[in-house]
Amino acid sequence: MRDPRVALLFLILAAAPPSRVNGRAAITDDAALCQSFAVEGKPPRTVLVVTVERTYFQCARAIVRSGLGTPAAMWRRRHAHAGPGAGARLAGRHRQRRHDAEWPGRAAASFW
């Protein structure tokens, strides 16, 4: 409430690069604005209004390297209860090492 600055990162897995938005945010209870966000006839009590000051693409290297959008990562999130080693068994450590070793070439070819 004291600092209106806000930064948003729009991340769509398997689509690069992420978009970043910096600006200022304010909470409002303006009736007309709240009504425009009604769901099943029920408007929210308040809405967050973001005034965009700057928008740009964020480097996707860390996201790509993390493998967040890979089938193995999605499986790990869905099956977290399967035990601490389940994700590593599925992905295979040799694939991870190869992925890291090939990263400089991929980055040079795919990022500006």
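Numbers here simply count residues along the sequence, with the first being 1.
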**OP:** Please test Y56 against N22 for side-chain contact (heavy atoms from CB on, under 4.5 Å), starting from the C-alpha separation and ending with a verdict.
**Re:** CA-CA 9 Å; Y56 50 93; N22 288 348; 3.4 Å; yes
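Closest non-hydrogen pair, L11 versus P18, comes out as CD1-CG, 4.1 Å. Contact record, P44 with F37: CD-O, 3.7 Å, taken as the closest heavy-atom pair.
With sequence neighbours left out, the side chain to side chain donor-acceptor pair (under 3.5 Å) criterion links R5 to D3. Not a single salt bridge (Lys or Arg N to Asp or Glu O under 4.0 Å) links R20 to another residue, sequence neighbours left out. In this view, R45 satisfies the salt bridge (Lys or Arg N to Asp or Glu O under 4.0 Å) rule with no residue, not counting sequence neighbours. Every residue was checked against the side chain to side chain donor-acceptor pair (under 3.5 Å) condition with Q35, not counting sequence neighbours, and none meets it. Take T28 and apply the side-chain contact (heavy atoms from CB on, under 4.5 Å) test, not counting sequence neighbours, and it matches D30, L33, V47, V49. Not a single side-chain contact (heavy atoms from CB on, under 4.5 Å) links A26 to another residue, sequence neighbours left out.
Under a hydrophobic-cluster definition in which Ile, Leu, Val, Met, Phe, Trp and Tyr are linked whenever side-chain heavy atoms come within less than 4.5 Å, directly or via other members, L9 and V21 are assigned to different clusters.
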